[in-house]
Amino acid sequence: MIEIRERDFTSFFDVPFQAYSSAEPYVSPLKSDLKRFLTTGVNPLFETDDTYTYYTALKEGVPAGRIVVHVHKASNTAYGINRCSFGFFDCVDDPQVARALLDEAESWARQRGFSELVGNFNLTAMQQMGVQTDHFDHPGYTDMVLNPPHIPALLAANGFTPFFPMTTYDLDLAEANVPQNRLDDAAGHSFAPIKRKVFTERMEDARIVLNDGFSENPMFVPLLQAEFQFQAGEMMTIMDPRLSSVLMQGGRPVGVVICIPDLNGFLRATRSRFNWLTPFHYLRFRLRRRRAVIIFYSVIREQHGQGIMGAMLARTLTMLRGAGYTRLGITWIADENRASLRQMERMGAKPLHRLHLFRKDLA
């Protein structure tokens with residue numbers, strides 16, 4: 001017997017711990033973070049309940065699958081589309097459970113007049129995005145989508161088709177080719193580290209550069225200040241200030257690299273929950289961290305093609321090596337983003353996972 005529950009957060013959070021074996025590379029977001037993401041009025045994306053909901057499927061009383069269905073109004077407006085999105089689709093390898101969940105999501109979207117259902121968006125194109133479609137045995141990094149091979153198969157069996165291919169990357173820092181680009185001293189560039197006392201100011205600089213530099217990228221929608229602060233608000237507690245920086249010129253931000261330690265080992269050790277052992281696990285994580293991940297990097301459009309990004313990445317790789325890190329992950333890059341793909345090739349980064357969005361026409 002399959003039971004569907006709506007907005008039952010406890011069972012929703014428990015799904016991957018019940019559906020996936022401990023040997024799976026999947027790593028859950030922190031429980032408190034996931035709760036924030038799915039709380040009306042806390043997440044700026046969801047000002048009212050009618051913009052999203054989430055479902056859990058229980059089989060014989062055990063959480064067996066989950067899905068979020070939601071609307072990103074700013075994206076629909078910007079691109080002239082009539083799209084409903086799904087995210088956090090996790091499920092046992094059971095066609096009946098998958099069908100029950102996806103039917104609920106489709107029904108929610110159809111009732112509101114949307115013409116297509118697309119995902120994963122966890123929860124926008126500037127957060128976790130896509131469905132993993134290969135190399136399922138390869139561990140990932142923080143902020144990467146990970147799922148077992150039956151997830152894309154279940155989507156395909158329910159009429160969803162893959163599109164918008166992406167790749168994540170892994171870089172062995174001992175073998176990395178550090179870009180030789182150098183900043184022009186006469187241009188007046190200077191690096192502003194992202195430290196605790198100026199964290200809010202630097203994050204606003206980062207948002208400005210991200211919005212400008214990514215404005216022509218597919219699916220990108222400029223982030224409002226409240227959205228960016230919501231997503232980055234907890235980052236200060238886990239950031240290594242040696243790794244991230246904003247490039248300034250004449251008092252204005254022109255480039256940014258946001259790179260953080262990989263949290264996946266810590267999250268797995270704590271099962272993504274706070275308990276009395278969490279401080280111990282966090283201390284061990286701080287002492288042993290050797291993996292980092294670039295969440296995003298950007299340069300304002302007027303300074304594209306001047307070697308600035310290469311110089312910023314060269315600084316980041318040098319700082320990573322000096323701080324004792326050995327591996328670097330890079331979150332998804334779309335196949336359409338030829339410049340970033342060439343940058344990965346020049347550095348010697350290797351493809352880690354392939355991702356695709358999955359879409360179903362509801363017309």
Tyr54 and Tyr52 aromatic ring geometry - parallel, tilted or perpendicular at 30°/60° bounds
parallel

With a 3.5 Å cut-off and no angle check, do the side chains of Asp8 and Ser11 form a donor-acceptor pair?
yes

Quick one: does any side-chain atom of Ser107 pair with a main-chain N or O of Asp103 as donor and acceptor, under 3.5 Å?
no

Kindly compute the distance separating CE (Met347) from CG (Leu328), expressed to the nearest 0.5 Å.
6.5 Å

Please confirm whether Arg207 makes a cation-pi placement over Phe228, using NZ or CZ under 6.0 Å from the six-membered ring centre and within 45° of the ring normal.
no

Aromatic plane relationship, His138 with His135 - under 30° parallel, 30 to 60° tilted, over 60° perpendicular
parallel

Gln229/Glu204 under side chain to side chain donor-acceptor pair (under 3.5 Å): CA gap, chis, key distance, verdict
CA-CA 8 Å; Gln229 288 176 349; Glu204 177 59 10; 5.2 Å; no

Does Thr168 use its side chain to pair, donor to acceptor, with the backbone of His353 at less than 3.5 Å?
yes

Roughly how far, to the nearest 0.5 Å, is CD of Gln306 from CG of Leu183?
10.5 Å

How about Ile194 and Phe199: do any of their side-chain heavy atoms sit closer than 4.5 Å?
yes

With a 3.5 Å cut-off and no angle check, do the side chains of Thr133 and Arg354 form a donor-acceptor pair?
no

Nearest 0.5 angstrom please: Tyr325 OH to Thr316 OG1, how far?
12.5 Å

Could you report the tightest heavy-atom contact between Ala176 and Arg321, atom names first, then the distance?
O-NH2, 2.9 Å

Looking at Trp108, is Arg112 sitting on its ring face, NZ or CZ under 6.0 Å from the six-membered ring centre and within 45 degrees of the normal?
yes

Atom CD of Glu6 with >12 non-hydrogen neighbours under 6.0 angstrom:
yes

Keeping the roles fixed (side chain from Glu106, backbone from Leu362), state whether a donor-acceptor pair exists under 3.5 Å.
no

Could you go through Leu173 and Thr326, starting from their C-alpha distance and side-chain angles, then the distance that decides it, and tell me whether this counts as side-chain contact (heavy atoms from CB on, under 4.5 Å)?
CA-CA 5 Å; Leu173 291 169; Thr326 59; 5.5 Å; no

Quick check: closest heavy atoms across Thr270 and Asn275, and the distance to 0.1 Å?
O-ND2, 4.4 Å

For Phe191, does the six-membered ring have the charged nitrogen or CZ of Arg315 within the cation-pi criterion, i.e. under 6.0 angstrom from the centroid and within 45° of the normal?
yes

Is the shortest heavy-atom distance from the side chain of Lys35 to the side chain of Val42 under 4.5 Å?
no

Mind checking whether Met129 and Leu357 have side chains closer than 4.5 Å, heavy atoms only?
yes

Heavy-atom neighbours of Glu3 CD exceed 12 at 6.0 Å:
yes

Please report the shortest heavy-atom distance between Asn181 and Ala311, naming the atom on each side.
CB-N, 3.5 Å

Return yes if some donor-acceptor pair links the side-chain N/O of Ser244 with the main-chain N/O of Cys259 below 3.5 Å, else return no.
yes

Geometric cation-pi criterion, Arg36 with Phe230: 6.0 Å, 45°
yes

Identify, with sequence neighbours excluded, every residue that meets side-chain contact (heavy atoms from CB on, under 4.5 Å) alongside Asp170.
Tyr141, Arg327, Leu352

Under 3.5 Å, is there a donor-acceptor pair between the side chain of Arg202 and the main chain of Ala192?
no

Rounded at 0.5 Å granularity, tell me how far OG in Ser28 sits from CG in Leu34.
6.5 Å

Validation row: Phe121, His70 side chains within 4.5 angstrom (heavy atoms):
yes

Determine yes or no for a side-chain-to-main-chain donor-acceptor pair under 3.5 angstrom, with His356 supplying the side chain and Met166 the backbone.
no

Is it the case that the side chains of Arg346 and Asn177 hold a donor-acceptor pair, with the cut-off being a distance below 3.5 Å and no angle test?
no

Please determine whether a side-chain nitrogen of the Lys or Arg among Asp361 and Arg83 lies less than 4.0 Å from a carboxylate oxygen of the Asp or Glu.
no

Pro148 side chain near Phe136 side chain, heavy-atom distance below 4.5 Å:
no

Are there more than 12 heavy atoms of other residues, nucleotides or ligands under 6.0 Å from atom CZ of Arg288?
no

For the backbone of Asp262 and the side chain of Arg291, can you confirm whether one donor and one acceptor N or O come within less than 3.5 Å of each other?
no

For Asp212, does its backbone N or O pair with a side-chain atom of Arg301 as donor and acceptor, under 3.5 Å?
yes

Gap separating the CG atom of Leu223 from the CG atom of Leu210, nearest 0.5 angstrom:
6.0 Å

Could you tell me whether the side chain of Asp93 and the main chain of His150 form a donor-acceptor pair under 3.5 Å?
no

Is there side-chain contact between Asn211 and Phe220, with heavy atoms separated by less than 4.5 Å?
yes

A cation-pi test, strictly: NZ or CZ of Arg359 under 6.0 Å from the centre of the six-membered ring of Phe163 and no more than 45 degrees from its axis. Yes or no?
yes

Walk me through it: do Tyr26 and Asn147 pass the test side chain to side chain donor-acceptor pair (under 3.5 Å)?
CA-CA 6 Å; Tyr26 175 86; Asn147 55 258; over 6 Å; no

If you count the non-hydrogen atoms of other residues, nucleotides and ligands that lie under 6.0 Å from CZ in Phe274, is the total more than 12?
no

side-chain contact (heavy atoms from CB on, under 4.5 Å) with Thr331: which of Thr142, Val145, Leu355, Val293?
Val293

Donor-acceptor pair, side chain of Asn82 and main chain of Glu116, under 3.5 angstrom
no

Show the nearest heavy-atom pair for residues Gly65 and Val15, with the distance to one decimal.
O-CG2, 3.4 Å

Considering all heavy atoms, the nearest Pro253-Ile300 contact:
O-CG2, 4.0 Å

Hphob cluster co-occupancy, Leu123 + Phe9, side-chain heavy atoms under 4.5 angstrom:
yes

With side chains defined as the heavy atoms from C-beta onward, is the minimum distance between Val256 and Tyr297 less than 4.5 Å?
no

Quick one, Cys84 and Val118 - any side-chain contact, counting heavy atoms below 4.5 Å?
no

Is the Lys NZ or Arg CZ of Arg7 less than 6.0 Å from the centre of Phe12's six-membered ring, within 45° of the axis?
no

